[in-house]
There are 2 protein chains.
Amino acid sequence: MNDADFLASYDPHAYPPVAVTVDIVAFTIRNGALNVLLVRRACPPSEGMWALPGGFVGQWEDLPTAAARELAEETGVATAHRRLHLEQLGTYGTPDRDPRMRVFSVAYVAFAPDLPDPVSGSDAREAAWVPMDERPAELAFDHSTIVADGLERARSKLEYTPLATKFVGEEFTIAELRAVYETVWGESLHAGNFHRKVLSVPGFVESTNTTTERGGARGGPRAKLYRAGDARLLHPALLMPSREETVR
Amino acid sequence: MNDADFLASYDPHAYPPVAVTVDIVAFTIRNGALNVLLVRRACPPSEGMWALPGGFVGQWEDLPTAAARELAEETGVATAHRRLHLEQLGTYGTPDRDPRMRVFSVAYVAFAPDLPDPVSGSDAREAAWVPMDERPAELAFDHSTIVADGLERARSKLEYTPLATKFVGEEFTIAELRAVYETVWGESLHAGNFHRKVLSVPGFVESTNTTTERGGARGGPRAKLYRAGDARLLHPALLMPSREETVR
DNA sequence: GGAATAGTGTCTGTTAGACACTATCTC
DNA sequence: GAGATAGTGTCTAACAGACACTATTCC
């Protein structure tokens with residue numbers, strides 16, 4: 001039998017129904033804290049519980065496209081937002097994770113600089129940026145696990161990629177970059193050493209030859225401004241100070 | 001409406017049919033070369049083409065379970081093979097990647113020490129270990145992309161995890177471990193420096209206080225034997241010599 | 001004996017991290 | 001002026017990589 005004959009006789013409905021969704025763990029930094037985007041579910045199952053934004057993948061839709069669309073619907077951020085980074089996190093498919101049917105969720109992580117307050121989505125769900133350490137202990141489905149995995153991804157990607165530049169504006173100071181690391185890692189870093197280290201990694205940042213308009217709010221000189229460089233990997237990497245303890 | 005009422009009225013068949021498969025990129029080292037497990041498709045679509053082992057996820061089956069089952073069916077390796085490492089690689093869902101219907105494939109990577117020749121699977125497909133540099137230029141579906149992604153995963157995981165110990169037997173010499181790195185990275189490493197480095201990473205290997213029965217085939221003293229240690233991350237990491245060139 | 005290999009010693013340049021210090025700015 | 005911050009200098013311990021060397025074993 002050739003492919004054409006085979007396809008003509010193939011009946012997709014003969015198999016038990018499954019569904020594929022995308023869920024997005026969107027991170028941003030607000031008021032010096034790492035925030036995650038959550039929505040309150042407006043319909044069953046788990047009506048009223050907080051959950052990750054997400055939804056079913058359209059029939060002709062690519063996975064990254066679906067993730068960008070769902071995120072845009074929740075945040076009002078244009079799909080082609082310039083400084084948005086979106087990457088696949090993993091797929092969650094435990095048989096009983098959704099009571100409706102067998103649902104596989106392809107999770108994405110998104111990183112963005114301080115975004116506006118989310119608009120209520122088209123399906124009228126309440127949406128909000130929630131500081132990570134104030135997030136509900138229990139989220140719908142297995143979303144707590146997905147958020148934890150997304151955080152771990154963010155923490156480790158800061159080490160060996162220029163991901164931190166996605167959390168700040170087009171132009172930024174080294175101190176702002178350091179604040180990103182300190183916020184996501186939850187540790188304070190030595191300002192002087194961090195400064196020298198960042199500048200020593202080829203392609204991490206490049207100078208704009210400009211400075212901030214004013215010094216720090218509580219004093220200090222004007223800081224030089226940088227923009228993201230062309231490196232895709234940091235070499236040498238910036239390792240978390242607490243890495244050694246998590247090795248075993 | 002509460003969850004119970006909602007679920008009673010929910011019809012999964014109302015949505016367009018999609019399917020979820022698992023595909024496995026299984027790596028092993030044979031005759032000093034990195035091999036990948038491929039099967040020749042026995043039925044349409046792409047009948048006769050080489051492809052990754054894999055198949056549809058059972059209705060009550062977990063994703064890792066499905067991956068282990070598919071791999072076992074192709075290789076004859078017991079599902080609970082002691083020294084097999086299996087991890088999720090990513091999900092591939094381009095709308096037209098399978099002509100039958102919308103198919104999402106959750107890819108897994110498997111690493112194992114020299115495995116026996118695969119037995120033909122229950123569905124009578126021909127299966128074989130194929131050296132990576134002799135693999136067909138074109139595989140069925142988007143499997144060439146998946147293999148490339150799997151290789152990249154293997155290469156980078158060698159750097160910062162004890163993955164290499166999954167490619168060797170229960171007890172191994174430092175030279176065997178070095179051969180794994182050289183094979184996967186495709187670069188020769190300095191024997192003396194590698195030796196000292198491996199022993200200096202806490203928890204990477206632990207001594208068995210025994211040596212090989214004989215020296216090397218072409219001379220040399222008996223080598224000490226080691227087994228895998230309890231480290232989950234290598235600190236400091238073993239970086240690929242060519243890392244710097246791939247940074248941009 | 002000759003050749004190959006296991007494992008160690010030593011040296012150099014680079015890096016991480018600690019500490020100190022100066023210059024600049026806000027209040 | 002007081003206090004905070006940006007950015008640099010310097011020192012030490014650790015590390016990567018190059019090279020050399022010894023000891024052991026196979027052929």
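Residue numbers start from 1 in every chain, and the chains themselves are labelled A, B, ... in the order their sequence lines are given, proteins ahead of strands. Worth saying up front: this structure is predicted, and the values here are computed from it rather than measured.
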Q: Could you state the atom-to-atom distance from NE2 of B/H235 to P of D/dC15 in whole Å?
A: 8 Å

Q | Short side-chain N/O contact from A/R196 to OP1 or OP2 of C/dA18, under 4.0 Å | A | no

Q) Between D/dA6, C/dT5, C/dA18, which one does the side chain of A/N193 approach most closely? A) C/dA18

(Q) Please determine whether a side-chain nitrogen or oxygen atom of B/R222 lies at a distance below 4.0 Å from atom OP1 or OP2 of C/dA4. (A) no

Q) In terms of the angle between their ring planes, are A/F27 and A/F111 parallel, tilted or perpendicular, with boundaries placed at 30° and 60°? A) parallel

Q: Mind calculating the distance between NZ (A/K224) and P (C/dT24) to the nearest angstrom?
A: 12 Å

(Q) I want to check one thing: is the phosphate of D/dA6, taken as OP1 and OP2, less than 4.0 Å away from some side-chain N or O of A/H195? (A) no

Q. Where is the tightest heavy-atom contact between B/L234 and B/E159, given as atom of each residue plus distance?
A. CD1-O, 3.9 Å

Q.
Taking only side-chain N and O atoms of A/R218, does any of them lie within less than 4.0 angstrom of OP1 or OP2 on D/dT5?
A. yes

Q) Can you list the steps and then say if A/F167 with A/H85 is a side-chain contact (heavy atoms from CB on, under 4.5 Å)? A) CA-CA 9 Å; A/F167 281 103; A/H85 175 83; over 6 Å; no

**Q.** Spacing of B/Y226 atom OH relative to C/dA6 atom P, expressed in whole Å
**A.** 12 Å

(Q) Classify A/A191 by what it touches in the nucleic acid, base, sugar-phosphate, or nothing, heavy-atom distance under 4.0 Å. (A) nothing

**Q.** Side chain to side chain, A/Y108 and A/L89, heavy atoms closer than 4.5 Å
**A.** no

Q. Separation of B/L225 atom CG from C/dG7 atom C1', in whole Å?
A. 14 Å

Q.
Return whichever of A/S200 or A/G220 has its heavy-atom-nearest nucleotide of DNA chain C closer to the 5' end.
A. A/S200

Q.
Nearest whole Å is fine: how far is C/dC19 P from A/F194 CZ?
A. 20 Å

Q. Do A/Y181 and A/F194 have ring centroids that are under 6.0 Å from one another?
A. yes

(Q) What is the separation between atom NE2 on A/H190 and atom P on C/dT15, rounded to the nearest whole Å? (A) 19 Å

Q.
Pick the closest DNA chain D nucleotide for A/G192 and for A/P221 by heavy atoms, then say which residue is nearer the 5' end.
A. A/P221

Q) B/L177 has an atom CG; how far is it from atom C1' of C/dA6, in whole Å? A) 15 Å

Q) Would you say A/R214 reaches C/dT26's phosphate, i.e. side-chain N/O to OP1/OP2 under 4.0 Å? A) yes

Q | Nucleotide C/dC19, atom P - distance to CG of A/L189 in whole Å | A | 16 Å

